[in-house]
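Shown next, in structure tokens, is the structure this report addresses.
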Amino acid sequence: MQRSTVTQIREAYDTQRHPHPDGRPWVGVCMVASLDGSVVVNGASGALGNPTDQQVLATLRGLADVIIVGAGTVRAEGYGPPKKAGQRIGVVTNSGAVDLGTELFRSGAGFLIAPESASVDERLVDVIRAGETSLDLEAALALIPDLIPDAVFAHAEGGPGLNASLLGAGLLDELNLTISPRLVGGGGARLTVGAPATDQPMELAHLLADDDGFVFSRWVRC
């Protein structure tokens with residue numbers, strides 16, 4: 001097939017998204033997985049992707065009003081400040097055990113999404129709190145516009161535990177899934193590991209492929 005270009009990628013992913021009636025943003029998950037379903041190789045996702053996959057990720061980040069990501073993924077992938085000026089990255093944590101000395105937080109771009117019980121010094125970082133001893137993710141997302149006014153599109157980047165929480169709470173509106181043309185075996189986590197049993201229908205919005213054999217799909221909740 002014809003290789004996807006940067007323009008084609010933006011045309012495919014730059015679509016209209018709407019906030020929900022309760023004010024929470026539209027939530028899209030972006031992940032890459034192997035043919036046998038693993039989202040990591042040697043503990044990280046980067047080795048599964050290719051330049052086109054990186055362009056998809058960069059495009060979605062550029063379209064997003066806010067990025068949300070699990071604390072484990074932030075540590076594993078070495079997150080820094082976003083490239084989009086003024087964009088914020090919400091780090092989801094139940095414990096509050098996050099290194100606030102990293103560049104992500106020193107830049108002011110990072111904030112935490114945590115329950116009331118999380119031990120966090122709010123003099124050092126912005127915190128959205130919801131839930132007592134465990135995070136109420138639905139309530140937390142509804143509070144995002146209080147910190148980031150007019151936030152419409154929240155771009156979630158995993159890991160699988162965050163994906164599972166979003167799915168389990170009925171908060172996953174969109175899945176942007178890249179299939180990497182490789183089998184990796186091992187015990188790597190799958191897309192929504194730990195999610196409760198559910199049956200969420202999704203509708204295919206687009207299906208693209210590049211010359212390297214990578215497949216790029218976008219699915220929206222029916």
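Phe153 and Ile67 end up in different hydrophobic clusters when Ile, Leu, Val, Met, Phe, Trp and Tyr side chains are linked at under 4.5 Å. Hydrophobic clustering (side-chain heavy atoms under 4.5 Å, transitive across Ile, Leu, Val, Met, Phe, Trp, Tyr) keeps Val127 apart from Leu137. Following chains of ILVMFWY side-chain contacts shorter than 4.5 Å, one cannot reach Val40 starting from Val32, and the two form parts of different hydrophobic clusters. Note on Val56 and Trp219: separate hydrophobic clusters, where clusters join Ile, Leu, Val, Met, Phe, Trp and Tyr whose side-chain heavy atoms are under 4.5 Å apart, directly or indirectly. Clustering ILVMFWY residues whenever any of their side-chain heavy atoms sit less than 4.5 angstrom apart, transitively, puts Val69 in a cluster other than the one holding Leu135.
The shortest side-chain heavy-atom distance between Thr52 and Leu208 does not fall under the 4.5 Å cut-off. A 4.5 Å side-chain heavy-atom check between Ile89 and Tyr79 finds at least one atom pair inside the cut-off. Residues Val120 and Val125 are in side-chain contact: their nearest non-hydrogen atoms beyond the backbone lie under 4.5 Å apart. In this structure, Val98 and Phe105 have side chains that are in contact, with non-hydrogen atoms separated by less than 4.5 Å. No side-chain heavy atom of Leu104 sits under 4.5 Å from any side-chain heavy atom of Phe111. No side-chain heavy atom of Val29 sits less than 4.5 Å from a side-chain heavy atom of Asn176. Looking at heavy atoms from C-beta onward, Asn163 lies in side-chain contact with Met31 at the 4.5 angstrom threshold. Contact of the Phe216 side chain with the Ile179 side chain is not registered, since no non-hydrogen atoms from C-beta on lie closer than 4.5 Å.
When all heavy atoms of Leu48 and Val39 are compared, the closest pair comes out as CD1-C, 3.5 Å. Heavy-atom minimum distance, Pro19 versus Val152: CD-CG1, 3.8 Å. Residues Phe214 and Ser180 share a closest heavy-atom pair of CE2-OG, 3.5 Å. The minimum heavy-atom distance linking Gly96 with Ala118 is given by the pair N-CB, 3.9 Å. The minimum heavy-atom distance linking Leu207 with Ser217 is given by the pair CD1-CB, 3.7 Å. Of all heavy-atom pairs between Met202 and Cys222, the closest is C-SG, 3.6 Å.
At most 12 heavy atoms of other shown residues, nucleotides or ligands fall within 6.0 angstrom of atom CD in Glu132. The environment of Asp150 atom CG is sparse: at most 12 non-hydrogen atoms of other residues, nucleotides or ligands sit within 6.0 angstrom.
Using a distance-only test at 3.5 Å, with no hydrogens or angles considered, no donor-acceptor pair links the side chain of Ser38 to the main chain of Ser34. Between the Lys84 side chain and the Ala64 main chain, a donor and an acceptor come within less than 3.5 Å of each other. A donor-acceptor pair under 3.5 Å links the side-chain atoms of Arg129 to the main chain of Pro115, judged by distance alone. The backbone N or O of Gly101 sits less than 3.5 Å from a side-chain atom of Arg106, completing a donor-acceptor pair. The backbone N or O of Gly108 lies less than 3.5 Å from a partner atom in the side chain of Arg88, making a donor-acceptor pair. Using a distance-only test at 3.5 Å, with no hydrogens or angles considered, no donor-acceptor pair links the side chain of Asp146 to the main chain of Pro149. Checking side-chain atoms of Asp173 against main-chain N and O of Val27 turns up a donor-acceptor pair under 3.5 Å. Remark: side-chain polar atoms of Arg221 are paired, donor with acceptor, to backbone N or O of Gly170 under 3.5 angstrom. The closest donor-acceptor contact from the side chain of Thr73 to the backbone of Gly159 lies under 3.5 Å.
Screening residues 60-80 for salt bridge (Lys or Arg N to Asp or Glu O under 4.0 Å) gives Arg61-Glu157 as the qualifying pairs, with residues at least two apart or on separate chains.
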(request) Determine, step by step, whether Val74 and Asp99 satisfy the side-chain contact (heavy atoms from CB on, under 4.5 Å) criterion, reporting the C-alpha distance in whole Å, the side-chain angles of both residues, the deciding distance to 0.1 Å, and the verdict. (result) CA-CA 10 Å; Val74 168; Asp99 183 2; over 6 Å; no
task = Would you sort out whether Asp126 and Leu112 count as a side-chain contact (heavy atoms from CB on, under 4.5 Å), showing the intermediate values?
result = CA-CA 6 Å; Asp126 289 331; Leu112 297 183; over 6 Å; no
*May I have the step-by-step check of side-chain contact (heavy atoms from CB on, under 4.5 Å) for Gln16 and His18, ending in yes or no?*
CA-CA 7 Å; Gln16 195 168 31; His18 303 280; 3.6 Å; yes
Yes or no on side-chain contact (heavy atoms from CB on, under 4.5 Å) for Thr178 and Val215, after CA distance, side-chain angles and deciding distance?
CA-CA 6 Å; Thr178 296; Val215 177; over 6 Å; no
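Salt-bridge formation is detected for the pair Glu174/Arg218: a Lys NZ or Arg NE/NH1/NH2 atom is positioned less than 4.0 Å from an Asp or Glu carboxylate oxygen.
Atom CD1 of Ile113 and atom CG of Leu143 lie 9.5 Å apart (nearest 0.5 Å). Remark: Asp22 CG to Arg24 CZ distance equals 6.0 Å, nearest 0.5 Å. One distance of note links CG of Leu100 with CG of Asp121; it measures 8.5 Å at 0.5 Å rounding. Separation of atoms CG (Leu162) and CG (Leu172) is listed at 9.5 Å; rounding is to 0.5 Å. Separating the CG atom in Leu63 from the CZ atom in Arg10 is a distance of 4.5 Å, to the nearest 0.5 Å. Note that OG1 of Thr59 and CG of Asp14 are 9.0 Å apart. Values are rounded to the nearest 0.5 Å.
Using cut-offs of 30° and 60° on the angle between ring planes, the pair Tyr13 and His206 is perpendicular.
For the side chain to side chain contact (heavy atoms under 4.5 Å, CB included) criterion with Cys30, the lone passing option out of Leu177, Leu60, Leu175 is Leu60.
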For residues 186-200, run the donor-acceptor check on the side chains, cut-off 3.5 Å, and write out each pair with its distance to 0.1 Å, sequence neighbours left out.
unit_1, atom_1, unit_2, atom_2, d
Arg190, NE, Asp36, O, 3.4
Arg190, NH1, Gly188, O, 2.4
Arg190, NH2, Asp36, O, 2.8

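Members clustered with Leu57: none, using a 4.5 Å side-chain heavy-atom cutoff among hydrophobic residues.
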